[in-house]
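Quick caveat, the model's predicted, so the values are computed rather than measured. In listed order, ligands and their atoms are each counted from 1.
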Amino acid sequence: MTDFKELAPTPSLHVDAAIVRRNIQRMADYASAHNMQLRPHTKTHKSRQIGRWQMDGGACGLTVAKVGEAEVMADVCNDLLMAYPTVDEYRCQRVARLAQRVTMRVALDSELAAENLDRAATAIGAQIGVLIDVDLGYGRTGLQTDDQAVRLGQFVDCCGGLRLDGILTYTGHISGPAEKQAVGFDRVHSRLEQLLAQWQRAGLCQDIVSGGSTPSALQCHLAACFTEIRPGTYVYNDMNTVRGGYCTLDDCAARVHATVISSTVAGQVVLDAGSKTLTSDLCGPAPDSGYGMIVEYPQARVFRLTEEHAQVDVSRCTFPPVLGQRVTIVPNHVCVCVNMQSNFWCHDGADATELLPVDARGLLV
Ligand SMILES: Cc1ncc(COP(=O)(O)O)c(C=O)c1O
C-alpha cells in the first residue's frame with residue numbers, strides 16, 4: 001500500500017474524509033431534529049467536493065461570502081445564499097448572471113446594495129432573492145433597528161428584479177458554555193420576535209430567517225424563529241473550536257503536515273510551515289497557546305512564525321521531534337489556512353487518497 005501521507009511534500013494540507021462526513025452528519029441530524037434547514041457556509045473548505053458532500057448530507061443549499069465562491073459552488077448546488085452585501089455594480093452584475101443559472105439570494109443592509117442589485121437583475125431579466133441583514137449583537141453588518149429593517153424590506157419588495165425572502169442575522173457574538181449561550185439566544189429570540197411582528201404587520205415575506213455560526217450552532221434551536229442555520233467551520237473544525245469547547249481534537253478533519261528542517265538551537269525545532277501556511281491567526285479562546293497544535297507533541301508550542309518557518313519550543317517534550325521528522329498540526333483558524341493552499345490531500349480510508357483543488361481559493365471578489 002502506498003503511504004500518500006508520507007509521499008505528499010510538506011507543508012501540505014490533509015483532510016480526513018471520515019471525520020468530514022461525521023461532522024456533516026452530526027450537524028445535519030441536529031438541524032433536522034429541530035426542524036431547521038442547514039445551509040453550510042463554504043468559506044471554510046472552498047471545495048466543490050466537500051460542498052457536494054454537504055448537499056448529499058441533506059443541506060438545503062450552500063452559503064458563500066463572495067461571488068467568485070458562488071460561481072464555483074453553483075457547479076454543485078442550485079440554491080445559494082451570499083451572506084455578504086453586494087454593493088458595487090461589478091459584483092451585482094455577476095450575481096445577476098448567476099441568478100439565471102441557480103436560485104441566488106443575497107443578504108444586504110442598504111438601499112444602495114438593493115438598487116444596484118435590482119438594476120443588474122432587471123437589465124438581464126433575472127430575479128435575485130434578498131434577505132435583510134439585521135444586527136442582533138455582533139456589531140458588524142446589519143441594520144440596527146426594526147424600523148430600518150422593515151423600511152428596507154419594503155424598499156426591496158418594490159424592486160422588480162428582487163424578491164424579498166426574509167431576514168438574516170449573524171450570531172457570531174454568541175459563544176462559550178451552553179448556559180451563557182442560552183442567555184445570548186434569549187436576547188436574539190426576543191429581538192427577532194419583535195422584528196417579525198412588525199415585519200408581519202407590514203405584510204413582508206418571512207419565509208427564511210437565517211442565523212447561526214459554529215460555536216453556537218448546536219444551540220440555535222433556542223432562537224425558535226430561525227428556519228435555517230449557516231455554520232461553516234464545523235465541517236473541518238480547528239483549535240478555535242477545540243479550545244472553545246465546541247468539539248474535540250478527534251473532530252478536526254484538516255491538518256497541516258510539516259517537516260522539521262532545523263534543530264540547531266537548544267530546546268527548539270524549526271518546521272517548514274510558516275505564516276504562509278498556518279496564517280498568523282492566534283487562537284481566540286487561548287491566545288497564548290501558539291500558532292496551532294502539534295498533535296504528536298501536545299507539550300510543544302509553535303511560538304513564532306515567519307513566512308516559511310515555524311519556531312517550536314520543544315523544551316517540555318521528553319522526546320522532541322528530530323531533524324527530518326514529519327509532524328501534524330491542527331491550525332488555529334482553518335478557514336484562512338485553507339485559503340492559503342492550492343490543494344489538499346483527501347484521505348478516504350487506507351487506500352483512497354486524492355489530491356483535490358481548493359477550488360475557490362483566493363476568490364475574494
Ligand atoms: C455571515 C456569516 N454566516 C455564517 C458564518 C459561519 O460561521 P462559522 O465559521 O463560525 O461557522 C460566517 C463566518 O464568518 C459569517 O460571516
Under a plain distance cut-off of 3.5 Å, with no hydrogens placed, do Asp147 and Thr145 share a side-chain donor-acceptor pair?
no
Classify the ring geometry of His173 against Tyr138: parallel below 30°, tilted from 30° to 60°, perpendicular beyond 60°.
tilted
At a 4.0 Å threshold, what atoms of ligand 1 neighbour a non-hydrogen atom of Ser213?
7 (O), 8 (P), 10 (O), 11 (O)
Between Gln49 and Arg52, is there a side-chain donor-acceptor contact under 3.5 Å, judged purely by atom types and distance?
yes
Can you figure out which of Arg140, Met27, His41, His333 has its heavy atom closest to atom 16 (O) of ligand 1?
Arg140
Donor on one side chain, acceptor on other, Arg26 and Tyr30, under 3.5 Å:
no
Gln311 side chain to Arg304 side chain, donor-acceptor N/O pair below 3.5 angstrom:
yes
Under 4.0 Å from one or more heavy atoms of Ala83, ligand 1 contributes atoms 1 (C)
Residue Pro231 vicinity, atoms of ligand 1 by number, heavy atom under 4.0 Å:
11 (O)
So Leu363 and Lys66, do their side chains get closer than 4.5 Å, heavy atoms only?
no
If we number the atoms of ligand 1 from 1 as shown, the ones under 4.0 Å from a heavy atom of Arg230 are 1 (C), 2 (C), 3 (N), 4 (C), 5 (C), 6 (C)
What atoms in ligand 1 come closer than 4.0 Å to a heavy atom of Gly232?
6 (C), 8 (P), 11 (O)
Nearest protein heavy-atom contact for atom 10 (O) of ligand 1: which residue, which atom, what distance?
Thr214 N, 3.0 Å
Would you mind checking which non-hydrogen protein atom is closest to atom 15 (C) of ligand 1, with the distance to 0.1 Å?
Tyr170 CE1, 3.5 Å
Could you see which bit of Pro215 sits under 4.0 Å from ligand 1, with heavy atoms only: side chain, backbone, both or neither?
side chain
Provide, to 0.1 Å, the distance between atom 13 (C) of ligand 1 and the closest protein heavy atom, together with that atom's residue and name.
Lys43 NZ, 3.3 Å
Donor on one side chain, acceptor on other, Asp109 and Thr141, under 3.5 Å
no
